[in-house]
Amino acid sequence: MKPTLKALAQATATYCDIPYEELVGRSRKRTASDPRHTFWYVARHGVGHTLSHIGRWSDRDHTAVMYGANKMIGRVSSSTTRRIIEEATELDQLMRQRVRDEVNRTWGTNYDPKR
């Protein structure tokens with residue numbers, strides 16, 4: 001299962017050492033846009049999310065995401081991509097476990113969401 005965009009954004013913000021709010025914000029400063037483009041690159045080329053999905057999540061047009069992601073080709077190393085994806089996968093698993101724990105605490109351990 002591929003990590004969610006939120007987990008990828010949080011991992012990218014941590015890796016690039018900027019606040020999460022700045023990464024997902026509207027700022028056009030290079031200190032925010034380069035990490036944002038890195039996030040888009042990893043989400044698109046590293047994990048395989050679609051341009052339209054990333055764009056809807058980021059409140060941007062898919063062509064803006066395509067431009068930003070393609071701009072990072074050759075600038076983001078495979079080891080950087082791998083580290084961000086690993087961190088995002090761990091974050092995603094933690095978030096999913098918290099949701100499962102909350103559902104089990106609220107509805108009991110026999111709760112079946114498919115029923």
Side-chain angles (χ1 to χ4, degrees):
M1 179 179 289
K2 57 187 167 184
T4 63
L5 290 174
K6 182 171 184 168
L8 283 169
Q10 289 174 332
T12 305
T14 301
Y15 181 81
C16 295
D17 197 30
I18 67 166
Y20 172 80
E21 294 77 20
E22 194 172 329
L23 180 87
V24 297
R26 301 294 289 179
S27 174
R28 294 172 58 174
K29 293 181 183 176
R30 183 166 294 217
T31 57
S33 66
D34 278 353
R36 185 178 308 122
H37 293 165
T38 301
F39 157 60
W40 290 345
Y41 172 83
V42 171
R44 175 69 178 142
H45 297 288
V47 179
H49 287 286
T50 64
L51 293 171
S52 59
H53 183 223
I54 299 166
R56 280 191 309 270
W57 191 87
S58 300
D59 196 26
R60 305 289 200 297
D61 189 67
H62 77 280
T63 56
V65 174
M66 182 175 62
Y67 170 79
N70 288 342
K71 183 175 145 184
M72 301 313 276
I73 292 175
R75 292 175 63 186
V76 178
S77 69
S78 60
S79 63
T80 299
T81 303
R82 204 173 328 107
R83 276 187 267 165
I84 291 172
I85 292 172
E86 287 170 0
E87 177 71 23
T89 303
E90 289 176 23
L91 284 170
D92 200 38
Q93 289 173 350
L94 285 172
M95 287 189 283
R96 290 174 194 269
Q97 186 59 47
R98 285 183 187 158
V99 169
R100 277 193 294 273
D101 291 345
E102 183 63 28
V103 167
N104 287 339
R105 188 172 35 258
T106 304
W107 294 93
T109 57
N110 296 328
Y111 175 72
D112 183 11
K114 297 175 186 169
R115 264 177 56 198

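What you see is a predicted model, and the numbers here were worked out from it, not measured in a lab.
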Q. Partners of T106 by side-chain contact (heavy atoms from CB on, under 4.5 Å), sequence neighbours excluded?
A. E102
Q. Side chains of Q97 and R100: is there a donor and an acceptor less than 3.5 Å apart?
A. yes
(Q) Ignoring hydrogens, what is the shortest heavy-atom contact between A32 and P35? Give both atom names and the distance. (A) O-CD, 3.4 Å
(Q) Going by the rule side-chain hydrogen bond (donor to acceptor under 3.5 Å, both in side chains), which residues pair with T4 if we only count those two or more places apart in sequence or in a different chain? (A) D92
Q. With hydrophobic residues grouped by side-chain heavy-atom distances under 4.5 Å, do M95 and V47 end up in a single group?
A. no
**Q.** With sequence neighbours excluded, residues passing side-chain hydrogen bond (donor to acceptor under 3.5 Å, both in side chains) with T63
**A.** D61
Q | Which residues share a ring pair (Phe, Tyr, Trp, His ring centres under 6.0 Å) with H53, sequence neighbours left out | A | H49
Q: Find out whether E86 and R82 are in side-chain contact, i.e. whether some heavy atom of one side chain is under 4.5 Å from a heavy atom of the other.
A: yes
Q.
Assess the residue pair W57 and F39 against the criterion (ring-ring contact (aromatic ring centres under 6.0 Å, His included)); give the C-alpha distance rounded to whole Å, side-chain angles, the decisive distance to 0.1 Å, and a yes or no.
A. CA-CA 12 Å; W57 191 87; F39 157 60; 5.7 Å; yes
Q | Sole candidate of V42, T38, T81 that passes side-chain contact (heavy atoms from CB on, under 4.5 Å) when paired with M72 | A | T38
Q: Work out which heavy atom in V24 is nearest to a heavy atom in A9; give both atom names and the distance.
A: CG1-CB, 4.3 Å
Q. Out of curiosity, L51 CG to R44 CZ, how far, rounded to the nearest 0.5 Å?
A. 4.0 Å
Q.
Within the structure provided, determine whether H37 and Y41 are in side-chain contact (heavy-atom separation under 4.5 Å).
A. no
(Q) Let me confirm one number: the CG-CG distance from L23 to D34, rounded to the nearest 0.5 Å. (A) 11.0 Å
Q) Got a second to check how far I84's CD1 is from T89's OG1, nearest 0.5 Å? A) 11.5 Å
Q: Taking side-chain hydrogen bond (donor to acceptor under 3.5 Å, both in side chains) as the test, write out the residues that go with R56, two or more places apart.
A: none
Q) Taking a hydrophobic cluster as the set of Ile, Leu, Val, Met, Phe, Trp and Tyr residues connected by side-chain heavy atoms closer than 4.5 Å, whether directly or through intermediates, do V99 and W107 fall within one such cluster? A) yes
Q | Connected via hydrophobic side-chain network under 4.5 Å: M1 and L91 | A | no
Q: Work out which heavy atom in L5 is nearest to a heavy atom in A43; give both atom names and the distance.
A: CD2-CB, 3.7 Å
(Q) Whether the side chain of R60 engages the backbone of S58 through a donor-acceptor N/O pair (distance < 3.5 Å, no angle test) should be reported. (A) yes
**Q.** Same cluster (ILVMFWY, side-chain, under 4.5 Å), Y67 and I73
**A.** no
Q. About how many Å separate CZ of R36 and SG of C16, when rounded to the nearest 0.5 Å?
A. 11.5 Å
Q) Is there any side chain to side chain donor-acceptor pair (under 3.5 Å) pair reaching into residues 12-31, and which pairs are they, with sequence neighbours excluded? A) Y15-T80
Q.
So for atom NZ, which belongs to K6, do other residues, nucleotides or ligands contribute more than 12 heavy atoms lying within a distance under 6.0 Å?
A. no
